[in-house]
Amino acid sequence: MSEQKPTGGRTREEMARRLAQDIPDGAYVNLGIGIPELVAKFVPVGREFIYHTENGLLGMGPSPEPGTGDPELINAGKRQVTAIPGAAFFHHADSFAMIRGGHLDLCVLGALQVSQNGDLANWSTGATDAIPAVGGAMDLVAGVKSIYVITQHCTRNGEPKLVELCTFPLTGRGVVHRIYTDLAVIQITPAGFQVLELSPGVDFNQVQERTGAPLSPMADPPGVPKMT
Amino acid sequence: MSEQKPTGGRTREEMARRLAQDIPDGAYVNLGIGIPELVAKFVPVGREFIYHTENGLLGMGPSPEPGTGDPELINAGKRQVTAIPGAAFFHHADSFAMIRGGHLDLCVLGALQVSQNGDLANWSTGATDAIPAVGGAMDLVAGVKSIYVITQHCTRNGEPKLVELCTFPLTGRGVVHRIYTDLAVIQITPAGFQVLELSPGVDFNQVQERTGAPLSPMADPPGVPKMT
Amino acid sequence: MINKQVASAAEAVADLFDGATIMIGGFGEAGSPIELIHALIDQGARNLTAVNNNTGSGEVGLAALIKAGRVSRMICSYPRTANSTEFPKLYHRGAIQLDLVPQGTLAERIRAGGAGIPAFYTPTSLDTPLEKGKERRTINGRDYVLEYGLTADFAIIKGRVADTYGNVVYNMTARNFSPLMAMAGKITIVQAAEVVAPGGLDPEVIVTPGIFVNRVVEITHPAHESTLVAAGESYP
Amino acid sequence: MINKQVASAAEAVADLFDGATIMIGGFGEAGSPIELIHALIDQGARNLTAVNNNTGSGEVGLAALIKAGRVSRMICSYPRTANSTEFPKLYHRGAIQLDLVPQGTLAERIRAGGAGIPAFYTPTSLDTPLEKGKERRTINGRDYVLEYGLTADFAIIKGRVADTYGNVVYNMTARNFSPLMAMAGKITIVQAAEVVAPGGLDPEVIVTPGIFVNRVVEITHPAHESTLVAAGESYP
């Protein structure tokens, strides 16, 4: 059903670039596996973010040049990475103390479903033949100050991922603050989904049609991000 | 009432030397403040003990040569010490993880009172005008595998310190395994105080007279210490 | 005098017993004590409960232990890794149990076990299927679940350098769970690429103090799991 | 770009407020951030709850803060040290409250606060007067008491070297409570004898990662409490 996709929607890289614009200077950020990893490619000019990977590194740098990686310097997705000057290594209890203790400013995660009250489902479709695997997702949503989801607005089958109620098993209840999709930037508010911004060439009705719950239109344009 | 003291009783140094003979080779040992500190002077030939001080050092060595100490290398009694080759520094949570987690083999403590079931009182006389101070004593008795008490058999006023029931506030209930005094080595057993050994020149009745609870005589002589 | 070094991986794991709980260091291949795991396969202990963040890959290391049918239960946060094929096979035919634990809760439960903390409260897993069976409690207006400390009969881990007292330092993100497992294992066994005399490690930089370690074995050139898998190796 | 270094101790503590809870690193004099404490005396915040293992000595550092009447409550394991005269004076005339906490429980409560663990069980203090008011629970046949995590509005600590990202290493037994307090302070302020650029510290040996630190001030030759006390100094 990809032919239904509005022509003006953002690509994955554009989604990542857009999200990066909303990260305040100096933020400590954890990036989930998949589209979230792309965010690291788009640090706005004049800002510096420090990336945390929950397997024990603060100050994660980009992928190593081919042939220079080390199988013992990896990220949470088990891909080889580098460490920036000023990085620190630590064990898992300290790493999750950073997460659970509220020391990280932002976590960017993928999603299977997000409900209008901010419930997130991103670890299991509940299929009985699948092997359940959760990793650090439940710790991240329980502990990090802000949770941003980055995801295609709909599944490959055209089903909405933004829904009234999640039907997949939850990662956490009421944990998502904001959603960046190919079509829009959407805030979770006490009144449900609110559009903060439409992707270029996309109109409100197109987004509403592809969303499983009511959307409120944009109120004020979002300002410059600041550390909360 | 010091004239009542049996002439054959051990001095503090002799008590410490006697206790050290019962520490198995390779033991990790925490020594409390006061007479317990003397134990470190008497490592039997062919054995090696590693001393832990709860303020964050494993591998505590002897006092520094005059003029070579560092005010940031101290023991739990806040006296300057040294670190042996193979020592490690760590923070307080890790230090008390060693204690509470049962990783230390032996802790040697002083006492105000020990009861026949092994209750220890060593931090407060309960005097209302005193400032209460507990330090790590309650953690040590709750976590270390074996607790040995080293103390004069009686107070300066001749009152027994080994009693049926402690009248001072407890440090822990049923925590003491063995007591080394100037007069005897005494084990806590399900049947109460049992004399393991009399100090040279001291007889059983002399010890019983100065003890606030019944003593069982020695059964078998203690064997060579082994790590349990 | 104290010398925790043993001559071989085989000697280090000789007393592992059937039914033991064994913590195995590593996150993916980083920090996986492959040589100790292979020695354990040779040693033959069965019906093990294994604790690791993952389930290994290919047919070497942890995956080979699973393939050999030695593990009856995995305590694990993410059993679904690239090249993880052995665990799924056994899981789908009901030949291995899975206790799925969120990664941070797994780390904290291991630390708690090693630190003598029998239980603690955490917000992680609240309102999810993994809350099932856990006690819930409101503290200062927020809800938490109760989690229990985890200990093991053995912990096998990989360090970069160890001394003969058992002090250990690690290599980058290969540190991960290993310092926690060292605390929680009744018998903790370390393979290190280099074993030095006491004093060979700066006391300020030691990550695992020797009190948590029982045996040290020098494995000078430890294999990397990904290299073995890429070469199509299988153990034994 | 990120640079947590501030120009002076005065600037570092400028926003401390009346009624704040403040954790102060150190065990006795080892690790006591004397220059930050003195800046805090000059700054003037009152009615503080102070968390420290002890109560200072002489009339400098923590003891001077107490003498100045700024501390209304001490959370502490051992308020009775050699040369500790100021705390006893205020305590005996009812001018300061004391919450006595066993040393290991104090350390674990601070770590828990910093790690997002709201409460945990421990055997320490069971069957003693310090069990009073605590919930008791039997776990696997042994009794434990419930203890709560502890956080603070500010933590002021002393390191040996810090970088401008806030990574810190310590000096020997001056490490003690400081890495834990760094985790538990909403605003954590570090004085270090040397402040270096990012990359100036080996990432393998950093004890406190910069995420736990908000401000760093270089105090190149920090005073030792015992030296000041021996010289009969008093602050201000």
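Every chain is numbered from 1 and lettered A, B, ... according to where its sequence line falls, protein lines coming before strand lines.
Here the straight-line distance linking atom CZ of D/R80 with atom OG of B/S124 works out to 7.5 Å at 0.5 Å rounding. Distance check, rounded to the nearest 0.5 Å: OG1 of D/T173 to CD1 of B/I74 gives 5.0 Å. Rounded to the nearest 0.5 angstrom, D/R175 CZ and B/N55 CG are separated by 12.0 Å.
Heavy-atom distances place the backbone of B/T171, and not its side chain, under 4.5 Å from chain D. For chain D, the nearby parts of B/F89 are the backbone and the side chain; heavy atoms of each come within less than 4.5 Å. Neither the backbone nor the side chain of B/I99 comes within contact range of chain D; no heavy atoms are under 4.5 Å apart. With a 4.5 angstrom heavy-atom cutoff, D/R142 touches chain B only via side-chain atoms. Residue B/D70 touches chain D through its side chain alone, counting heavy-atom pairs closer than 4.5 Å.
Minimum heavy-atom separation, D/P79 to B/P132: CG-O, 3.1 Å. When all heavy atoms of B/L170 and D/P129 are compared, the closest pair comes out as O-CD, 3.6 Å. Between D/A107 and B/A93, the shortest heavy-atom distance links the atoms CB-N, 4.1 Å. Across D/G31 and B/E72, no two heavy atoms sit closer than the pair N-OE2, 3.4 Å.
Counting only heavy atoms from C-beta outward, the side chains of B/M138 and D/T105 never approach each other to under 4.5 Å. Contact check for B/I131 versus D/H92: side-chain heavy atoms found under the 4.5 Å cut-off. Using a 4.5 Å heavy-atom cutoff, the side chains of B/F96 and D/E108 are not in contact.
D/Y170 and B/H91 have their aromatic ring centers separated by at least 6.0 angstrom.
Checked by atom type and distance alone, the side chain of B/R100 pairs as donor or acceptor with a backbone atom of D/G104 at under 3.5 Å.
Contact count against chain B (heavy-atom pairs under 4.5 Å) is highest for D/N54 among D/T227, D/N54, D/L126, D/N53. Per-residue counts of heavy-atom pairs under 4.5 Å with chain B were compared for D/L180, D/L106, D/V101; the largest is that of D/L180.
Ring geometry for D/F27 versus B/H92: interplanar angle of 30 to 60°, hence tilted.
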